[in-house]
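Proteins come first, then strands; the chains are lettered A, B, ... in the order of their sequence lines, and each starts at number 1.
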There are 2 protein chains.
Amino acid sequence: MIMPRIKLSEVARLARTSTKTASRVINGDPRVSAATRERVQRAVTELHYRPDPLARSLRRGTDDTIAVVVDEVSDPFFTRVIGEIERMALDRDITVIVASTRRLAERERTVLDGLAHRRIAGLIVASVTDDHSYLRSAHYPIVFIDREAIGLEADAVLVDDRAGARMAVEHLLAHGHRRIAFVGDRLDIATVRNRLEGFQAAMSAAGITTPEEYVVHMEPQLTEGRHAVERLLALDEQPTAIFSANTRCSLLTLPTLHRTGRTDVAFVSFGDFAMADALTPGVSVVNHSPELIGRLAADRLLRRLAGEKLAAETITAPLEVLARGSGELAP
Amino acid sequence: MIMPRIKLSEVARLARTSTKTASRVINGDPRVSAATRERVQRAVTELHYRPDPLARSLRRGTDDTIAVVVDEVSDPFFTRVIGEIERMALDRDITVIVASTRRLAERERTVLDGLAHRRIAGLIVASVTDDHSYLRSAHYPIVFIDREAIGLEADAVLVDDRAGARMAVEHLLAHGHRRIAFVGDRLDIATVRNRLEGFQAAMSAAGITTPEEYVVHMEPQLTEGRHAVERLLALDEQPTAIFSANTRCSLLTLPTLHRTGRTDVAFVSFGDFAMADALTPGVSVVNHSPELIGRLAADRLLRRLAGEKLAAETITAPLEVLARGSGELAP
DNA sequence: CACCAGTGGGTAATCGATGTCACGCGCGTT
DNA sequence: AACGCGCGTGACATCGATTACCCACTGGTG
């Protein structure tokens with residue numbers, strides 16, 4: 001299976017021709033006689049020859065590899081996005097390399113810079129920074145996911161964060177809630193910021209002023225998240241409902257609610273997750289399919305790699321509210 | 001940030017020396033005079049030179065890239081393993097490429113074969129096949145995770161599947177259960193097979209014969225999993241407890257139990273998952289940390305890459321029963 | 001009959017970095 | 001004074017595949 005590395009010259013020798021002609025056959029150049037082509041092909045299969053992707057990349061200046069850069073590989077949302085991208089890429093013999101920014105702008109720059117020196121064919125990135133103009137000189141197509149490109153014309157596959165948050169809030173309002181809290185993490189990340197804006201817009205539209213303490217930021221620290229939620233539930237004016245800005249936050253908030261027996265608090269999560277429907281009550285979510293987002297992004301990138309000339313486009317993936325119980329609790 | 005590709009020869013020219021000497025400086029060869037070294041270093045920083053990893057790999061014959069091959073990138077267990085590996089690798093400027101086998105032996109071969117032609121520095125693999133002798137000629141270190149190497153001396157980071165299954169069964173037995181069912185998927189995969197063996201060994205040891213219908217195999221099809229569980233609960237002699245062989249199966253089984261209101265059935269899962277402790281009742285698990293497994297595997301591989309000579313070793317990650325309620329229900 | 005176009009195929013340069021090897025210089029030996 | 005040695009250095013080959021460019025041969029044409 002792992003051969004003593006065969007080179008093109010050996011194939012050529014066996015086929016009694018030059019490396020150039022062998023190369024032509026392999027790359028489907030038509031200007032080779034049928035007889036020669038035949039000989040080369042036999043030699044290829046006989047020796048189990050496979051071109052060295054490295055040497056090929058060096059010469060051609062491109063590589064059959066795409067990079068996917070996300071916050072964290074193990075984030076339940078990105079995990080599924082990556083899974084779908086990898087599936088589509090592997091079917092086309094394209095290799096996927098992954099890297100995570102850990103939501104650090106500085107690290108994102110390091111990672112992208114390192115990638116620029118590899119000759120990747122394309123990039124799919126969930127960026128945590130807010131200026132991508134320096135990527136303008138990149139010689140490969142880029143598709144942004146989850147967060148839009150700023151200062152750069154590029155494809156993006158997004159969900160309408162504001163609309164989604166609004167949908168969640170309106171859902172809670174419709175079930176009689178007025179004291180609704182927002183749980184999010186890092187506000188310097190566009191996704192969270194936009195969802196907070198949507199939340200606040202929906203609240204104002206309903207004529208409700210949200211007290212400051214109702215907007216909770218939990219850092220990725222597990223314990224801090226727990227404390228933040230506990231503080232929220234210890235307020236004099238307790239919220240009767242919570243909107244969680246993303247899956248990560250939901251995964252931190254819900255165990256606390258369950259542990260403290262506060263499942264009477266209504267809850268809507270932006271982003272679905274495993275077991276959401278098995279909890280008691282089932283967790284209502286604003287659903288956006290990570291697989292769909294991955295597929296749309298990969299499709300866009302692969303089409304560009306296949307040579308299609310496309311104008312930069314922002315694709316918005318659909319959102320829907322899945323009512324499972326927790327979002328329909330009465331205040 | 002993305003420079004118009006600077007080559008070593010340009011650095012050399014600016015430093016008024018040869019490419020070879022410039023290369024020496026960059027690779028820390030001591031046999032360069034301080035003055036020359038200085039000139040080259042200035043040229044490097046001035047031009048923002050970074051060696052082309054591709055060309056370097058071609059010449060050196062190795063690449064600072066490790067491959068991780070697992071069943072499915074989005075599997076909740078492997079996701080976390082990958083996250084940890086990626087974290088450790090990136091800290092050392094090593095790139096990670098991922099690929100999934102989708103649990104198909106044939107695909108695993110294709111993927112590994114493709115990898116063999118890239119010049120990866122190392123491989124971490126959760127194999128679904130049962131003969132790895134063909135990897136003997138691989139020129140890079142390999143660490144197996146989750147499933148051991150067969151026909152090949154190599155490092156492996158495993159959990160004791162039989163012992164874990166036994167622990168789960170004994171836990172259920174201790175709480176009075178005798179009618180215990182096994183839920184697993186693909187028996188051709190060693191992990192599942194071993195856990196079934198452990199299950200059966202523990203049952204026999206307790207003098208209990210498990211009826212055939214108590215051993216359920218669900219294919220990764222969601223609907224089939226659901227039906228299998230429903231059939232199990234429709235038996236005349238219903239089991240009072242279920243042991244699930246892995247997270248994937250738990251994620252298929254539990255929603256069915258909850259939807260049909262059969263949370264009176266005791267349940268132990270091999271492998272923890274998000275929200276397990278927030279369900280009602282909390283899900284008892286045999287816990288093995290994916291992060292720890294990832295870390296152990298990556299550490300082993302990175303140490304080999306750093307040149308340490310180590311004998312092939314099988315490392316067994318610890319297991320523990322986390323009692324959260326579902327495994328302590330009375331029959 | 002000499003010339004031109006078209007087709008199949010070879011030679012050598014190239015991609016960018018690194019290993020091989022030999023060279024020149026200064027210095028200590030005998 | 002000739003020799004040898006070590007050190008810093010650079011010209012050149014090399015990794016494996018692709019490509020720019022050139023050549024040989026065939027057949028048709030003026």
Side-chain angles (χ1 to χ4, degrees), chain A residues 2-41 43-44 47-65 93 114 116-121 139, chain B residues 2-41 43-44 47-65 114 116-121 139-140:
Chain A
I2 296 183
M3 302 298 153
R5 216 164 266 302
I6 312 281
K7 351 195 273 181
L8 184 57
S9 62
E10 298 170 28
V11 172
R13 186 147 43 81
L14 180 60
R16 285 174 304 124
T17 176
S18 71
T19 60
K20 171 60 188 153
T21 303
S23 168
R24 281 210 182 94
V25 173
I26 285 158
N27 297 342
D29 188 313
R31 299 187 319 173
V32 182
S33 69
T36 315
R37 175 180 306 278
E38 174 64 20
R39 284 209 314 283
V40 171
Q41 266 159 356
V44 165
L47 298 174
H48 293 284
Y49 170 76
R50 294 266 306 266
D52 184 324
L54 225 69
R56 172 177 280 188
S57 297
L58 178 61
R59 187 65 244 250
R60 293 221 270 230
T62 86
D63 193 354
D64 280 345
T65 298
D93 265 313
H117 285 268
R118 310 200 138 247
R119 324 195 164 195
I120 54 172
H139 50 290
Chain B
I2 295 182
M3 301 299 152
R5 216 164 266 303
I6 312 281
K7 353 194 271 181
L8 185 56
S9 61
E10 299 171 26
V11 172
R13 187 147 41 81
L14 181 60
R16 285 174 304 122
T17 177
S18 70
T19 61
K20 179 58 201 169
T21 302
S23 166
R24 284 206 181 94
V25 173
I26 284 157
N27 296 346
D29 189 317
R31 300 186 317 175
V32 181
S33 71
T36 314
R37 175 179 307 278
E38 174 63 21
R39 283 209 316 283
V40 172
Q41 266 159 355
V44 164
L47 298 174
H48 293 284
Y49 170 77
R50 294 265 307 266
D52 183 325
L54 223 70
R56 176 177 275 186
S57 296
L58 178 62
R59 187 66 248 247
R60 295 220 269 231
T62 84
D63 194 352
D64 280 345
T65 298
H117 285 268
R118 310 201 137 246
R119 324 196 163 194
I120 55 172
H139 50 289
Y140 44 78

Those residues that, when tested against B:R119, pass salt bridge (Lys or Arg N to Asp or Glu O under 4.0 Å) (two or more places apart): A:D52

Sidechain N-carboxylate O distance under 4.0 Å for B:R118, A:D63: yes

Degree of bending, the helix from C:dC1-D:dG30 to C:dT30-D:dA1 (end axes from five pairs; round to 10°): 80°

Whichever of B:T21 and A:T19 has its nearest DNA chain D nucleotide further upstream toward 5': B:T21

Minimal non-hydrogen separation, A:T19 against A:L8, with atom names: O-CD2, 3.7 Å

Contacting residues from residues 52-61 of chain B, given that a heavy atom lies under 4.0 angstrom of DNA chain C: B:D52, B:A55, B:R56, B:L58, B:R59, B:R60

Heavy-atom contact window of chain B on DNA chain D, given 5' to 3' at under 4.0 Å: D:dG8 to D:dG16

Sugar-phosphate only, base, or nothing, as touched by B:K20 at under 4.0 Å among non-hydrogen atoms: base

Interatomic distance, B:I6 atom CD1 to B:Y49 atom OH [nearest 0.5 angstrom]: 10.0 Å

Atom pair distance, as rounded to whole Å: CZ in A:R118 and P in C:dA17: 14 Å

Nearest heavy atoms of A:L54 and B:L58, plus distance in Å: CD2-N, 3.4 Å

Side-chain donor or acceptor of A:D29 paired with backbone N/O of A:R31 under 3.5 Å: yes

Partner of B:V25 under side chain to side chain contact (heavy atoms under 4.5 Å, CB included), chosen from B:V44, B:V40, B:V11: B:V40

Nearest-Å distance for atom pair CZ/C1', residues A:R119 and C:dA17: 11 Å

Spacing between A:L8 atom CG and C:dC15 atom P, to the nearest angstrom: 19 Å

Any residue of residues 25-34 of chain A with a heavy atom less than 4.0 Å from an atom of DNA chain C: A:R31, A:V32, A:S33

Partner set under side chain to side chain contact (heavy atoms under 4.5 Å, CB included) for B:T21, not counting sequence neighbours: B:T17, B:S18, B:R24, B:V32, B:T36

Nearest-0.5 Å distance that lies between atom CZ in A:R56 and atom CG in A:D64: 7.5 Å

Under-4.0 Å side-chain N/O to phosphate OP1/OP2 contact, A:S18 with C:dT11: no

